[in-house]
Asker: 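I have a structure here, written as structure tokens, and I will follow up with some questions on it.
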Amino acid sequence: QVQLVESGGGLVQAGGSLRLSCAASGGTFNRYAMGWFRQAPGKEREFVTAISWPFGANTYYADSVKGRFTISRDNVKKTVYLQMNSLRPEDTAVYYCAAAPSGTHYYTGRPDEYDYWGQGTQVTVSS
């Protein structure tokens, strides 16, 4: 069983930056691919980015965030990060961290490939 806790959300002006963190406990962190998803009010949860296990050699991004967001992982700290730059009002959403066991098709961005989820952290970008 893996527990995930996100932090780092907040209110930022358009063009600004935020870094989200997701701390994991339980399980063996480097056996999980990690992903970030987001959900805006009235919309479905959408894939943002994912990073491979064990060392993060491969990363995947939604087209909407490519070039602006960067995912990384620190296996010693059991933490995955999401650096968000050049934020836009349309990035406003609750951001969720998720863990997918090794061997899954986590890179497809399908939420059902991920077994464990955090509680989410709110990101609000003002125009």
Asker: Ring centroid separation for Y114 and F37, is it under 6.0 angstrom?
Answerer: yes
Asker: Say whether, by atom type as modelled, one donor and one acceptor occur between the side chain of N75 and the main chain of P54 under 3.5 angstrom.
Answerer: yes
Asker: Do P101 and Y32 have side chains that approach each other closer than 4.5 Å (heavy atoms only, starting at C-beta)?
Answerer: yes
Asker: Could you report the tightest heavy-atom contact between V2 and A24, atom names first, then the distance?
Answerer: CG1-CB, 4.4 Å
Asker: Are any side-chain N or O atoms of R73 and backbone N or O atoms of F29, one a donor and one an acceptor, separated by less than 3.5 Å?
Answerer: yes
Asker: Any sub-3.5 Å donor-acceptor pair from Q83's side-chain atoms to T70's backbone N or O?
Answerer: no
Asker: Specify the closest pair of heavy atoms between S64 and R38, including all atoms of both residues, with the distance to one decimal.
Answerer: OG-NH2, 3.5 Å
Asker: Check whether S52 reaches the backbone of A57 with its side chain - one donor and one acceptor, N or O, closer than 3.5 Å.
Answerer: yes
Asker: Could you measure the distance from the OG atom of S25 to the CD atom of Q3? Nearest 0.5 Å is fine.
Answerer: 4.0 Å
Asker: When you measure from the side chain of T92 to the backbone of V125, do you find a donor-acceptor pair of N or O atoms at a distance under 3.5 Å?
Answerer: yes
Asker: Determine whether M84 and W36 make a side-chain contact, defined as any pair of heavy atoms from C-beta on separated by less than 4.5 Å.
Answerer: no
Asker: Which heavy atom of P89 sits nearest a heavy atom of S127, and at what distance?
Answerer: CG-CB, 3.8 Å
Asker: My understanding is that only one of V80, V65, V48 makes a side-chain contact (heavy atoms from CB on, under 4.5 Å) with I71; could you say which?
Answerer: V80
Asker: Please check if the side chain of E6 supplies one atom and the backbone of G120 the other of a donor-acceptor pair under 3.5 Å.
Answerer: yes
Asker: How about T49 and F69: do any of their side-chain heavy atoms sit closer than 4.5 Å?
Answerer: no
Asker: I'd like to know if V94 and Y116 are part of one continuous hydrophobic network [Ile/Leu/Val/Met/Phe/Trp/Tyr, side-chain heavy atoms within less than 4.5 Å].
Answerer: no
Asker: Looking only at heavy atoms, what is the nearest atom pair of S86 and S17, with distance?
Answerer: N-OG, 4.4 Å
Asker: State the SG-CD distance between C97 and Q119, to the nearest 0.5 angstrom.
Answerer: 9.0 Å
Asker: Quick test of your reading of the model: are D63 and K66 salt-bridged, counting only N-O distances below 4.0 Å?
Answerer: yes
Asker: Nearest 0.5 angstrom please: I51 CD1 to Y61 OH, how far?
Answerer: 7.0 Å
Asker: Go through it in stages, so that I can follow the logic: the residues are E113 and F47, the test is side chain to side chain contact (heavy atoms under 4.5 Å, CB included), and I'd like the CA-CA distance, side-chain angles, deciding distance and then a yes or no.
Answerer: CA-CA 11 Å; E113 297 288 345; F47 170 77; over 6 Å; no
Asker: Check the pair M34 / L4 against side chain to side chain contact (heavy atoms under 4.5 Å, CB included), numbers first and verdict last.
Answerer: CA-CA 10 Å; M34 301 298 295; L4 302 172; 3.9 Å; yes
Asker: May I ask you to test the N30-W53 pair for a side-chain heavy-atom distance under 4.5 Å?
Answerer: no
Asker: On the 0 to 90° scale, with breaks at 30° and 60°, tag the Y106-Y60 ring pair as parallel, tilted or perpendicular.
Answerer: perpendicular
Asker: Please walk me through it: do S21 and K77 pass side chain to side chain contact (heavy atoms under 4.5 Å, CB included)?
Answerer: CA-CA 11 Å; S21 299; K77 295 182 178 179; over 6 Å; no
